[in-house]
Amino acid sequence: MFVHNEEPYLCYINYLQKKFLNIKISKNMKRTLCILFLLMVSISAVAADFYSGGIAYDITTEETVEVVKSSKLYSGDIVVPSTVRHQSKTYSVTSIDTLAFAYSYLTSVIIGDSVTRIESHAFMDCYNLKSVVLSNTLTHLESYAFSGCHELKKIEIPNTVNAIEDGVFSYCEKLASVVLPESLESIGNNAFEGCYSLSSINISNTIKTIGKGAFEACGCLTSFKIPNKLKRIEDNMFSGCSNLKILTIPNSVETIGNDAFSDCNNLVTLIIGNSVTSIGERAFQNCYRIEEIYSLNPVPPMICSNSFTTYFDCPDLYVSNGSMNMYKRTQHWSIFKQKFELEFSNSGVFESNGLIYNISETNANEASVLRLLKSEETDLVIPEHAVGDSETYNVTYISAKAFMDCENIIKMEIPNTVKSIGDRAFYGCKGLTSITIPNSVVTIDHNAFRDCAGLVSVTIGNSVTSIGTRAFKGCSNLKTIYSLNVVPPEIYLYTFDSFTADLIVPSGYLETYKDNIYWKLFISIYEDNFGSVEWNDAGHIRVKTHDGDIEISGAQEERVEVYNLKGQCLYSGKEKKIHLGCGIYIVNVAGTMHKVSL
């Protein structure tokens with residue numbers, strides 16, 4: 001008996017020694033403890049009130065029973081029924097007792113919907129357990145219930161559960177998929193510790209507490225949305241999550257505990273919410289790849305000398321406007337060499353697809369691009385909508401300095417939802433060769449595209465009313481400016497580097513621009529019928545623009561080619577409705593060229 005069953009219990013003794021005892025236990029002592037443990041389990045197992053379908057039960061009330069440990073280890077596939085009959089009486093199965101299936105050879109289990117409670121260690125160290133279907137009425141999932149189920153790959157927890165207790169899924173090494181309910185309010189200490197295969201997990205904002213070490217050593221976890229009701233990041237909560245790359249700590253959090261994110265050695269970007277007042281010892285120790293830290297609290301949080309590793313050498317520190325001097329004077333923050341100020345929103349900041357956004361303080365449905373994370377991308381499309389904290393926001397503003405000195409960007413597409421471009425938004429983007437300001441934009445702030453030395457062509461949308469001073473200063477290679485507004489936007493003497501570029505204005509408004517105090521300074525001003533409808537010699541093919549699309553009518557099987565002003569072919573095919581970004585395009589249909597503007 002002991003030879004056959006000793007190994008799983010020995011593992012449990014090792015686990016207890018590691019987890020709770022700070023003493024050495026000899027091999028013989030472990031064996032003795034193992035035998036004693038088996039004896040106790042055997043005594044309790046023999047005490048089962050009855051067996052049915054190979055499952056042991058104890059009667060708990062006149063109408064209910066619970067599953068208990070059997071006199072021999074369970075194996076194979078098990079179905080825990082909702083009801084069971086004994087001596088001509090039907091009982092509801094309402095719970096699974098402590099250690100009931102622990103260390104057994106189960107491969108799958110389906111738990112009937114009458115079961116409301118799974119008690120502590122119920123399935124602990126079921127090494128072969130691959131599949132679990134939980135009861136839809138389950139309310140209690142107690143500590144270490146599935147700990148050490150190495151083969152378990154996925155689990156879905158029903159909406160009736162509001163708490164996951166300590167260590168429930170700890171060291172389920174192959175657990176890759178977890179579905180948590182919206183009803184969940186708390187996750188216990190070490191609940192998912194050592195779930196090395198867990199790459200993502202859905203976290204509801206209903207969660208108010210997450211315990212110490214809850215996700216410690218989840219080495220495959222690439223992202224985690226910390227719920228916005230959480231007030232404290234506990235000790236070791238994410239320690240050893242070596243694949244976390246971007247981390248946003250919400251404004252609800254006030255304290256970050258000791259070792260909270262230690263050994264997250266691939267963490268690149270850290271956003272610290274505006275309520276954080278203290279960061280514990282070694283909180284970010286060995287996070288040596290951090291490149292950017294955004295600290296939103298204008299009052300510097302209290303940190304320790306070892307809260308960050310090599311923080312004086314690597315990361316750029318971004319702080320709230322007006323708080324730079326406080327950070328410079330505060331112990332340990334003062335050692336950061338590269339510090340910058342940004343305008344952080346009090347409504348919140350979030351990251352999505354490599355861009356950091358401010359949530360609007362005046363319109364809850366809008367967000368502005370705050371900053372591009374460090375990236376090697378050369379082509380960048382700013383989306384019309386961004387998702388943060390499960391909410392979708394319209395992107396309406398590009399903030400000051402958002403893309404400042406992003407020299408590697410060659411192509412940039414601004415969506416038709418943006419209304420304003422901020423001061424120095426694209427300052428020093430020397431790789432940009434052309435830019436189209438969409439028709440939604442009303443204002444372009446001072447220095448917005450200053451020192452974009454590679455810029456050759458600019459298209460200014462038909463709603464732009466003002467362009468700030470030095471907005472295009474230092475754009476020394478600018479050759480062509482398309483201004484689509486029939487009313488010349490307000491500009492300044494130093495808005496452009498010079499007045500040598502060709503200026504193309506709407507047909508019929510040449511004199512309007514020539515009468516303007518500063519636009520008239522351009523040496524070469526031409527007019528063009530932007531977005532016009534043109535006909536070919538046969539008179540039956542028409543090309544027009546409508547709702548952001550190029551539409552071709554009258555052409556049956558003729559091939560359509562669309563080029564930009566640099567001569568690059570953007571589309572070739574037989575579609576008669578083509579969606580492209582804002583800009584001016586040449587459309588070739590049946591050998592006839594048509595110029596259109598979107």
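For the numbers below, each heavy atom of this structure counts, side chains included, while hydrogens, waters and symmetry mates do not. What you see is a predicted model, and the numbers here were worked out from it, not measured in a lab. All residue numbers in this chain count up from 1 along the given sequence.
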Indicate the atoms forming the closest heavy-atom contact of Gly280 with Cys304, along with that distance.
-> C-SG, 4.0 Å
Does Ser457 reach the main-chain N or O of Ser434 with its side chain, forming a donor-acceptor pair under 3.5 Å?
-> no
Go through the steps to decide whether Ile414 and Ile421 satisfy the test side chain to side chain contact (heavy atoms under 4.5 Å, CB included), and finish with yes or no.
-> CA-CA 10 Å; Ile414 301 171; Ile421 297 174; 4.1 Å; yes
Heavy-atom check, side chain of Phe403 versus side chain of Leu380, under 4.5 Å = yes
Are the side chain of Asn274 and the backbone N or O of Asn297 linked by a donor-acceptor pair below 3.5 Å?
-> no
Run the side chain to side chain contact (heavy atoms under 4.5 Å, CB included) check on Val395 and Tyr393 step by step: do they pass?
-> CA-CA 6 Å; Val395 179; Tyr393 301 92; 6.0 Å; no
Considering all heavy atoms, the nearest Val589-Glu558 contact | CG1-CB, 4.4 Å
Contact summary for Glu527 and Leu510, nearest pair of heavy atoms = OE1-CB, 3.6 Å
Aromatic ring pairing Phe350/Tyr357, orientation class (parallel under 30°, perpendicular over 60°, tilted between) | parallel
Would you say Lys229 and Lys231 make side-chain contact, with heavy atoms under 4.5 Å?
-> no
Would you indicate whether Asn353, at its atom CG, is surrounded by more than 12 heavy atoms from other residues, nucleotides or ligands within a distance under 6.0 Å?
-> no
Without swapping roles, check the side chain of Asn243 against the backbone of Leu221 for a donor-acceptor pair under 3.5 Å.
-> no
Going by the angle between their ring planes, with limits at 30° and 60°, are Tyr294 and Phe344 parallel, tilted or perpendicular?
-> perpendicular
Heavy-atom donor-acceptor pair, Ser307 side chain to Ala283 backbone, under 3.5 Å = no
Which atom of Ala501 lies closest to which atom of Thr480, heavy atoms considered | CB-N, 4.2 Å
Going by heavy atoms in the side chains, are Ile226 and Ile249 under 4.5 Å from each other?
-> yes
Inter-residue atom distance Ser223.OG - Ile203.CD1, 0.5 Å rounding | 10.5 Å
Could you list the residues that satisfy salt bridge (Lys or Arg N to Asp or Glu O under 4.0 Å) with Lys577, not counting sequence neighbours?
-> Asp549
Determine, step by step, whether Arg232 and Glu234 satisfy the salt bridge (charged side-chain N to carboxylate O under 4.0 Å, His left out) criterion, reporting the C-alpha distance in whole Å, the side-chain angles of both residues, the deciding distance to 0.1 Å, and the verdict.
-> CA-CA 6 Å; Arg232 177 179 170 84; Glu234 296 288 353; 2.9 Å; yes
Gap separating the OG atom of Ser320 from the OH atom of Tyr327, nearest 0.5 angstrom = 8.0 Å
Are the side chain of Glu351 and the backbone of Gly354 linked by a donor-acceptor contact shorter than 3.5 Å?
-> yes
When the ring centroid of Phe522 is compared with that of Tyr513, is the distance short of 6.0 Å?
-> no
Parallel, tilted or perpendicular: rings of Phe215 and Phe238 (30°, 60°) = parallel
Short question: side chain of Asn485, backbone of Asn462 - any donor-acceptor pair under 3.5 Å?
-> yes
Might you confirm whether atom OH of Tyr571 has over 12 heavy atoms from other residues, nucleotides or ligands at distances under 6.0 Å?
-> yes
Hey, does the side chain of Glu343 reach the backbone of Ala400 with a donor-acceptor pair shorter than 3.5 angstrom?
-> no
Count the heavy atoms belonging to other residues, nucleotides or ligands that lie under 6.0 Å from NZ of Lys328, then report whether that count exceeds 12.
-> no
Applied to residues 401-410, the salt bridge (Lys or Arg N to Asp or Glu O under 4.0 Å) test, sequence neighbours excluded, yields none
Can you find a pair of side-chain heavy atoms, one from Pro227 and one from Asn205, that are under 4.5 Å apart?
-> yes
Pairwise side-chain contact, Leu342 with Ile356, heavy-atom cut-off 4.5 Å (strictly under) | no
Enumerate, atom names and distances included, each donor-acceptor pair closer than 3.5 Å involving a side-chain atom of residues 258-272, sequence neighbours excluded.
{"residue": "Asn258", "atom": "OD1", "partner": "Glu281", "partner atom": "N", "Å": "2.8"}
{"residue": "Asp259", "atom": "OD1", "partner": "Arg282", "partner atom": "NE", "Å": "3.0"}
{"residue": "Asp259", "atom": "OD2", "partner": "Arg282", "partner atom": "NE", "Å": "3.2"}
{"residue": "Asp259", "atom": "OD2", "partner": "Arg282", "partner atom": "NH2", "Å": "2.9"}
{"residue": "Ser262", "atom": "OG", "partner": "Ser239", "partner atom": "OG", "Å": "2.9"}
{"residue": "Ser262", "atom": "OG", "partner": "Asp259", "partner atom": "O", "Å": "3.3"}
{"residue": "Asp263", "atom": "OD1", "partner": "Asn286", "partner atom": "ND2", "Å": "2.8"}
{"residue": "Asn266", "atom": "OD1", "partner": "Arg289", "partner atom": "NH1", "Å": "3.4"}
{"residue": "Asn266", "atom": "ND2", "partner": "Ser242", "partner atom": "O", "Å": "2.7"}

Under 3.5 Å side-chain donor-acceptor pair for Glu561 and Tyr563 | yes
Between Phe308 and Phe284, how do the two ring planes meet: parallel, tilted or perpendicular, split at 30° and 60°?
-> parallel
How many angstroms lie between CG in Leu230 and CD1 in Ile207, if you round to the nearest 0.5 Å?
-> 8.5 Å
Contact list for residues 355-371, test salt bridge (Lys or Arg N to Asp or Glu O under 4.0 Å), sequence neighbours left out | Glu366-Lys419
At what distance, to the nearest 0.5 angstrom, does OH of Tyr482 lie from CD1 of Ile504?
-> 5.5 Å
Quick one: OH on Tyr585 to CG on Leu580, what's the gap to the nearest 0.5 Å?
-> 5.0 Å
Spacing of Cys429 atom SG and Arg424 atom CZ [to the nearest 0.5 Å] | 13.0 Å
Are the side chain of Thr255 and the backbone N or O of Ser278 linked by a donor-acceptor pair below 3.5 Å?
-> no
Taking only residues two or more places apart in sequence or in another chain, which ones pass side chain to side chain donor-acceptor pair (under 3.5 Å) with Thr443?
-> Ser420
Verdict with reasoning, Trp519 to Phe496, per side chain to side chain contact (heavy atoms under 4.5 Å, CB included) = CA-CA 10 Å; Trp519 286 107; Phe496 296 94; 4.1 Å; yes
Taking everything shown except Met324 itself, do over 12 heavy atoms lie less than 6.0 Å from its CE?
-> yes
Do Val276 and Leu296 have side chains that get closer than 4.5 Å, going by heavy atoms?
-> no
For residues Ile578 and Val560, report the shortest heavy-atom separation together with the two atoms involved.
-> CD1-CG1, 3.8 Å
Measure the shortest side-chain to side-chain distance between Lys473 and Asn447 over non-hydrogen atoms and say whether it is less than 4.5 angstrom.
-> no
Is it the case that more than 12 heavy atoms not belonging to Lys339 sit under 6.0 Å from its NZ atom?
-> yes
Please report the closest heavy-atom contact between Pro438 and Asn416, naming both atoms and the distance.
-> CB-OD1, 3.3 Å
Evaluation steps, side chain to side chain contact (heavy atoms under 4.5 Å, CB included), between Thr248 and Val349 = CA-CA 8 Å; Thr248 300; Val349 174; over 6 Å; no
Which side-chain N or O atoms in residues 488-495 pair as donor and acceptor under 3.5 Å with protein atoms at least two apart or in another chain?
{"residue": "Thr495", "atom": "OG1", "partner": "Gly468", "partner atom": "O", "Å": "3.2"}
{"residue": "Thr495", "atom": "OG1", "partner": "Tyr492", "partner atom": "N", "Å": "2.8"}
{"residue": "Thr495", "atom": "OG1", "partner": "Tyr492", "partner atom": "O", "Å": "3.3"}

With distance as the sole test, does Ser524 use its side chain to make a donor-acceptor pair with the main-chain N or O of Asp502 at under 3.5 Å?
-> no
Examine distances only and state if a side-chain atom of Asn394 and a backbone atom of Thr417 form a donor-acceptor pair shorter than 3.5 Å.
-> no
